[in-house]
Amino acid sequence: MEKAPAKINLSLAVLGKRPDGYHDLETVFVSLDLSDTLYFSDAPRGEITLACTASEIPLGMENLVCRAADLLRKKYGITKGVHIRLEKHIPAAAGLGGGSSDAAAALRGLVRFWGIDAAARDMPAVAARLGSDVPFCLRGGTALGEGRGERLTPLSPCPDFHVVLANPGFGVSTAKVYQAYPQGTARPRTRTTELIRALRLGDRRQLVLYLENNLEAVTFQLYPQVGQLKEKMSAWGPSLMCGSGATVFTLFEDREKARALCLSLREEGIAAWLTKTAGEAKEGDADA
Ligand code: C5P
């Protein structure tokens with residue numbers, strides 16, 4: 001069994017477009033308590049099979065979990081198969097890194113399940129091939145991501161916040177949002193240094209002053225409901241869009257206030273979740 005926690009980005013600054021089509025980022029990731037769960041069992045005929053509790057999740061090679069298993073098998077010459085059952089709690093295509101975290105959890109779980117030699121492991125490199133957020137999801141906690149987001153520096157654990165997540169009920173294509181990102185020439189000044197200082201001091205009040213996400217303007221233009229949702233949630237507390245959207249989060253020190261927002265959104269028919277930050281990295285065995 002392996003937990004796959006969701007993530008939010010306390011900051012996501014787009015620095016510019018790269019020749020390979022990706023964008024250089026400066027982003028601060030934090031894991032959440034909200035998690036999917038993966039279960040591993042033998043596949044009788046040595047194949048890779050996936051079952052999922054959510055019907056909208058694809059079960060073939062387009063699923064990052066299957067791709068992770070396939071990559072590992074090829075890289076380490078594994079002949080055994082696996083059946084993976086994915087219990088889905090994180091909404092899909094929501095900016096919460098659900099697919100990336102499932103892939104990272106598959107890597108962690110399969111290293112154990114298939115008994116891959118620790119000395120031979122290079123999990124961060126395998127993770128980076130699967131997606132820009134997968135290396136962060138391998139260890140979780142609180143980290144600065146640079147490059148595509150895959151070059152990581154661990155940061156002081158994010159102090160505890162109660163987190164309300166809500167989205168307008170549709171997914172957003174990350175590629176589409178980045179494609180629509182206006183190409184500027186000047187490298188923007190980011191506030192990441194101030195955010196990192198607030199993390200180091202464990203200063204919640206300072207920290208919330210430095211929340212930023214450069215993708216918001218693009219997503220709000222493409223999907224005005226996301227901007228409207230952020231406006232609504234901002235009346236309750238510091239709020240920001242997750243990744244490329246469409247989920248918006250609000251941070252609270254007080255659980256009762258967080259609960260009140262969550263209930264109020266649900267009363268309006270908006271999908272909402274109440275969770276917490278999980279800023280401490282788990283010292284797993286997959287990043288050796
Ligand atoms: O790396 P991942 O597969 O998650 O990225 C999905 C898409 O998001 C990429 O194909 C790319 O269009 C865009 N992207 C980007 N710059 C990043 C990360 C993602 O342009 N740093």
Does any N or O in the side chain of [X] come within less than 3.5 Å of the main-chain N or O of [Y], such that one atom is a donor and the other an acceptor?
X: Glu216; Y: Met241; answer: yes
X: Ser239; Y: Thr250; answer: no
X: Glu212; Y: Arg191; answer: yes
X: Thr142; Y: Gly279; answer: yes
X: Arg266; Y: Ala272; answer: yes
X: Ser234; Y: Lys230; answer: yes
X: Asp102; Y: Val65; answer: no
X: Thr219; Y: Leu215; answer: yes
X: Thr247; Y: Ala94; answer: yes
X: Ser35; Y: Asp33; answer: yes

Going by heavy atoms in the side chains, are [X] and [Y] under 4.5 Å from each other?
X: Leu201; Y: Gln206; value: no
X: Val134; Y: Arg129; value: no
X: Leu144; Y: Glu26; value: yes
X: Pro168; Y: Val226; value: yes
X: Pro182; Y: Val218; value: yes
X: Leu15; Y: His23; value: no
X: Val28; Y: Leu199; value: yes

Salt bridge or not for Glu256 and Arg259, using N-O below 4.0 Å?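 Yes.
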Can you tell me how far the [atom1] atom of [X] sits from the [atom2] atom of [Y], to the nearest 0.5 Å?
X: Arg73; Y: Trp114; atom1: CZ; atom2: CH2; result: 5.5 Å
X: Asn9; Y: Ser244; atom1: CG; atom2: OG; result: 9.0 Å
X: Lys176; Y: Leu222; atom1: NZ; atom2: CG; result: 6.0 Å
X: Leu130; Y: Leu71; atom1: CG; atom2: CG; result: 5.0 Å
X: Tyr76; Y: Leu110; atom1: OH; atom2: CG; result: 12.0 Å
X: Leu12; Y: Leu240; atom1: CG; atom2: CG; result: 8.5 Å

Listing request: all salt bridge (charged side-chain N to carboxylate O under 4.0 Å, His left out) pairs with a residue in residues 47-69, at least two apart in sequence or in separate chains.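 For residues 47-69, and leaving out neighbouring residues, the salt bridge (charged side-chain N to carboxylate O under 4.0 Å, His left out) pairs sorted by first residue read Arg45-Glu47.
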Residues in salt bridge (charged side-chain N to carboxylate O under 4.0 Å, His left out) with Glu268, at least two apart?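 With sequence neighbours excluded, Glu268 shows a salt bridge (charged side-chain N to carboxylate O under 4.0 Å, His left out) to Lys232, given in chain and number order.
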Show, in sequence, the C-alpha distance, side-chain angles and deciding distance for Leu261 and Phe252, and conclude whether the side chain to side chain contact (heavy atoms under 4.5 Å, CB included) test is met. CA-CA 10 Å; Leu261 169 59; Phe252 291 92; 3.7 Å; yes
For residues Tyr210 and Val248: do they belong to one hydrophobic cluster (side chain heavy atoms under 4.5 Å, members Ile, Leu, Val, Met, Phe, Trp, Tyr)?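 No; tracing contacts between hydrophobic side chains, which count when under 4.5 Å, never links both residues.
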Path from Leu59 to Ile84 over hydrophobic side-chain contacts below 4.5 Å: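 Yes.
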Would you please test Glu253 and Arg205 for side chain to side chain contact (heavy atoms under 4.5 Å, CB included) and show each step? CA-CA 10 Å; Glu253 292 183 36; Arg205 304 245 156 93; 3.9 Å; yes
Is the number of heavy atoms from other residues, nucleotides or ligands within 6.0 Å of CD (Glu231) greater than 12?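 No, the 6.0 Å shell around CD holds no more than 12 heavy atoms from other groups.
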Would you say that more than 12 heavy atoms from the other residues, nucleotides or ligands in this model lie under 6.0 Å from the CD of Glu280, or not?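 Not buried by this count: 12 neighbours or fewer within 6.0 Å.
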Just checking, any donor-acceptor pair under 3.5 angstrom between side chains of His83 and Ser41?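 Short answer, no.
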Could you list the cluster mates of Phe136? Members are the ILVMFWY residues connected by side-chain heavy atoms closer than 4.5 Å, either directly or through other members.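 Result for Phe136 is Phe29, Leu152.
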